[in-house]
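Just so you know, these numbers use all the heavy atoms, side chains as well, and skip hydrogens, waters and symmetry mates. Note that the structure is predicted; figures quoted are calculated from it, not measured.
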Amino acid sequence: MKKIILSLAVVTLLFGCKPTSTAVSSEKSEVVVSINLNDVKDDKLLVSISAPTITTDEVVYHLPKIIPGTYSEDDYGKFIDEMKAYDAKGNALQVEKLSTNSWTIKEAKKLDKITYLVNDTFDVESGSGFGSGIFSPAGTNILEGKNFMLNNHGFVGYFEDKKDLTYKLNITHSENLFGATSLVDSDSSNLSDTFVVSRYNDLVDNPIMYSKPDYITFNVDGMEILFSVYSPNDKHTAKALSADLEKCMRAQKKFLGAVNSNKKYTVLLYLSEMKKTDAKGFGALEHNNSTTVVFPEMMPTGALGKQIIDVVSHEFFHIVTPLGVHSNEIHYFDFNSPKMSQHLWMYEGVTEYFANLFQVNQGLITEDAFYKRMDDKIRGAKRMNDTMPFTTMSQNVLVEPYKSQYLNVYEKGALIGMCIDIIIREKSNGQRGILDMMQKLTNEFGPTKPFNDNELFARITEMTYPEVGEFLNTYVAGPTPIPYEVYFAKVGIAKGKIKKAVNPFLNSSKSAGISGNPTTKEIIVRNNTELSTFMTNIGLKADDIILSLNDTNYNLDTLSEMMTASQNWKDGDNVTIKVKRNGKEQTLTGKAILSYQESEGYQVVEPTKQTLKEAWLKG
């Protein structure tokens with residue numbers, strides 16, 4: 001979610017007489033929001049807004065139509081019921097609904113407060129009703145006494161032309177609920193929290209998740225990380241999942257170096273039971289100092305940990321762009337009539353590229369795995385409209401036919417970042433890359449100084465090389481498909497036949513010889529299924545329960561780790577498997593026997609370019 005700093009000045013003038021100290025003190029220059037989580041009625045929460053001083057006869061109150069980072073029109077106003085307005089004596093003022101997301105309040109000079117009820121989005125995601133289509137990490141949840149996902153744009157709106165006023169958010173809650181957020185609570189009570197932000201955009205930029213306390217904190221090179229987990233059936237815990245997250249974030253901080261200066265970062269993980277009235281859209285949404293993540297609770301711990309690495313790494317890299325570097329369209333984002341930027345190739349594409357590059361750079365994945373990921377993205381991009389100019393798609397992403405091409409930001413967008421990186425590495429003899437380019441953009445612009453959309457390419461060209469500008473104008477602003485082979489060749493990479501070992505627990509038809517019992521969490525050798533040569537030779541039999549592999553215990557929750565470990569074996573490696581057969585434990589020993597398959601993929605073909613390739617992947 002993008003950080004937006006508005007330049008509108010709110011000036012309250014008193015006409016007809018000289019201002020007195022009494023008149024000034026009676027003016028209200030902040031918006032006070034009150035929400036009581038203990039008072040849930042019909043699965044709705046009451047929101048009370050203490051209004052600032054209004055000097056016009058009418059004022060419009062808005063809920064967002066769209067929020068930064070989602071690229072879809074979601075109409076959060078459709079979750080609002082019973083909008084009411086009152087003067088200081090409690091008398092009702094007239095309210096007229098202008099549209100799905102906007103209400104006009106009459107006699108606004110008398111306005112003291114407004115109140116309304118809020119429905120949550122998780123309940124209706126899977127249906128065809130008014131809530132379908134909301135991306136879960138941008139949604140809201142009201143689960144009385146258990147979980148409240150406060151993506152604040154779903155609960156709090158803004159008075160027209162007053163988004164830059166101070167917002168004070170008062171939350172009342174039970175003692176057993178903990179509010180996880182990057183915001184600072186100024187209320188010492190354990191029954192209420194108070195958060196103050198300098199403008200509406202900062203409120204939207206800081207989600208809060210209330211649930212029973214299950215969190216862990218750790219420090220990464222001066223950045224405090226708060227990781228909070230809501231697992232309704234206690235299947236997962238913050239402690240159990242934190243190792244993968246910490247490993248990921250340490251690697252990211254090291255990769256970014258001076259580019260990142262965050263002092264606090266919060267990861268909110270909501271795990272869905274997959275019921276009819278629960279979250280269905282899985283993934284994550286970025287914010288300046290936090291990420292909201294939604295996944296199914298049923299996922300095994302190992303698989304969930306790997307997913308956390310992939311999605312949180314992408315969202316965390318958004319601190320570089322658009323949170324750190326962005327255009328006027330992002331900086332002055334209009335929540336109800338947005339103008340979209342041309343540069344999704346950078347906001348999402350470069351971010352996705354970094355999310356993959358840092359993993360090979362920091363040794364989390366192999367070079368071959370990185371090439372495979374880029375090859376998959378090339379295949380994905382070719383399934384999209386490869387001649388649609390990326391800048392045109394980006395600027396019109398809210399409407400068809402451009403909207404349906406949005407997912408290409410994660411495919412071709414990442415490949416654009418890769419090609420620019422290779423060009424800069426080549427021209428600088430490996431000394432600089434695209435991360436250096438983003439650092440320069442951050443230094444020149446940064447979060448408070450947006451660039452003009454149509455001037456970015458020229459500025460990038462000036463700070464890098466003419467070849468980068470030529471690439472941007474030809475392949476990003478133009479309709480020409482990117483010749484990826486040309487750029488891979490610069491670092492000695494080309495397509496060829498790759499011999500890859502098949503996992504020892506897969507048979508000749510690539511079917512798994514093992515399965516799992518979801519009740520007991522046992523890993524079981526399948527019956528009526530062809531077993532691999534390795535499984536047969538080491539003595540595994542149908543219905544054996546696998547307890548450990550090379551002295552490491554495994555169960556269904558850690559099956560993915562077991563498969564990964566076995567995938568790394570070499571022919572002839574010693575293998576020990578402890579099993580339970582007919583109720584008795586026994587140990588099987590033998591050698592790893594691997595089979596291989598050939599496939600087409602990228603590999604090193606010009607060792608003379610090894611130095612430039614190393615600078616690209618490891619620099």
Side-chain angles (χ1 to χ4, degrees), residues 1-4 6 60-81 83 97-104 116 118-141 149-160 163 200-201 203-205 207 279-287 292 294 315 318 322 326-344 347-348 384 388 390-410 413 453:
M1 191 170 295
K2 288 73 178 173
K3 182 178 181 182
I4 305 161
L6 300 180
V60 178
Y61 184 77
H62 301 280
L63 266 291
K65 178 179 185 178
I66 181 174
I67 60 167
T70 57
Y71 310 106
S72 64
E73 297 178 348
D74 291 328
D75 293 322
Y76 288 93
K78 64 192 174 187
F79 298 95
I80 303 302
D81 292 334
M83 175 71 69
K97 189 167 187 176
L98 285 179
S99 64
T100 301
N101 303 297
S102 304
W103 294 260
T104 296
Y116 50 86
V118 180
N119 296 277
D120 63 320
T121 71
F122 283 8
D123 283 353
V124 288
E125 280 186 8
S126 60
S128 59
F130 64 86
S132 57
I134 300 285
F135 182 43
S136 297
T140 58
N141 191 42
M149 178 62 81
L150 302 186
N151 270 308
N152 291 314
H153 52 261
F155 291 90
V156 185
Y158 58 93
F159 295 98
E160 192 160 320
K163 291 197 292 286
Y200 177 73
N201 308 76
L203 185 67
V204 170
D205 193 38
K280 298 293 192 301
F282 304 123
L285 182 67
E286 84 279 2
H287 302 267
T292 52
V294 179
E315 304 308 329
H318 272 303
H326 50 248
S327 69
N328 285 295
E329 286 76 7
I330 300 296
H331 195 70
Y332 302 106
F333 190 82
D334 189 324
F335 290 90
N336 282 278
S337 299
K339 293 181 179 179
M340 307 308 289
S341 170
Q342 301 175 39
H343 300 298
L344 276 175
Y347 306 145
E348 293 292 344
M384 308 295 282
M388 178 182 286
F390 226 75
T391 50
T392 303
M393 181 274 288
S394 179
Q395 199 167 32
N396 299 279
V397 71
L398 298 180
V399 298
E400 294 293 358
Y402 309 101
K403 183 177 181 179
S404 58
Q405 297 296 310
Y406 167 73
L407 289 178
N408 211 12
V409 301
Y410 305 110
D453 228 38

Distance, nearest 0.5 Å, that separates [atom1] of [X] from [atom2] of [Y]:
X    : Y    : atom1 : atom2 : value
D75  : I80  : CG    : CD1   : 12.0 Å
K163 : D334 : NZ    : CG    : 6.0 Å
K65  : S337 : NZ    : OG    : 6.5 Å
F390 : Y402 : CZ    : OH    : 14.0 Å
Q342 : N396 : CD    : CG    : 9.5 Å

Taking all heavy atoms of [X] and all of [Y], pick out the closest pair and write down the distance.
X    : Y    : result
L63  : N336 : O-OD1, 3.2 Å
S136 : F122 : O-CE1, 3.3 Å
S102 : V60  : CB-CG1, 4.0 Å
P401 : M388 : O-CE, 4.1 Å
V294 : A279 : CG1-CB, 3.8 Å
G139 : I134 : CA-CG2, 3.9 Å

Has the side chain of [X] got a donor or acceptor atom that lies under 3.5 Å from a matching backbone atom of [Y]?
X    : Y    : value
D74  : Y76  : no
T121 : T140 : yes
H343 : P322 : no
N119 : F79  : yes
T70  : I67  : yes
D205 : N201 : no

| said: List the residues meeting side-chain hydrogen bond (donor to acceptor under 3.5 Å, both in side chains) with Y116, not counting sequence neighbours, and say none if there are none. | reply: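 Listed in chain order: Y61.
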| task | Check the surroundings of atom NZ in K97: do more than 12 heavy atoms from other residues, nucleotides or ligands lie under 6.0 Å from it? | result | yes
| query | Between H287 and E315, is any side-chain donor less than 3.5 angstrom from a side-chain acceptor? | reply |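 Short answer, no.
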| Audit row: F155, L203, side-chain contact (heavy atoms from CB on, under 4.5 Å) steps and yes/no | CA-CA 11 Å; F155 291 90; L203 185 67; over 6 Å; no
| Criterion side-chain contact (heavy atoms from CB on, under 4.5 Å) against P207, the qualifying member of L285, N151, N152 |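 That would be N151.
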| request: Applying ring pair (Phe, Tyr, Trp, His ring centres under 6.0 Å) between Y200 and each of F159, F333, F335, report the one that passes. | output: F335
| said: Between V409 and M393, is the side-chain contact (heavy atoms from CB on, under 4.5 Å) condition met? List the steps. | reply: CA-CA 10 Å; V409 301; M393 181 274 288; 3.9 Å; yes
| field | All ring pair (Phe, Tyr, Trp, His ring centres under 6.0 Å) counterparts of Y410, not counting sequence neighbours | value |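 So Y410 forms a ring pair (Phe, Tyr, Trp, His ring centres under 6.0 Å) with H314, Y406.
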| request: Please list, chain by chain and in numerical order, all residues satisfying side chain to side chain contact (heavy atoms under 4.5 Å, CB included) with E329, sequence neighbours excluded. | output: S327, K339, S341, D453
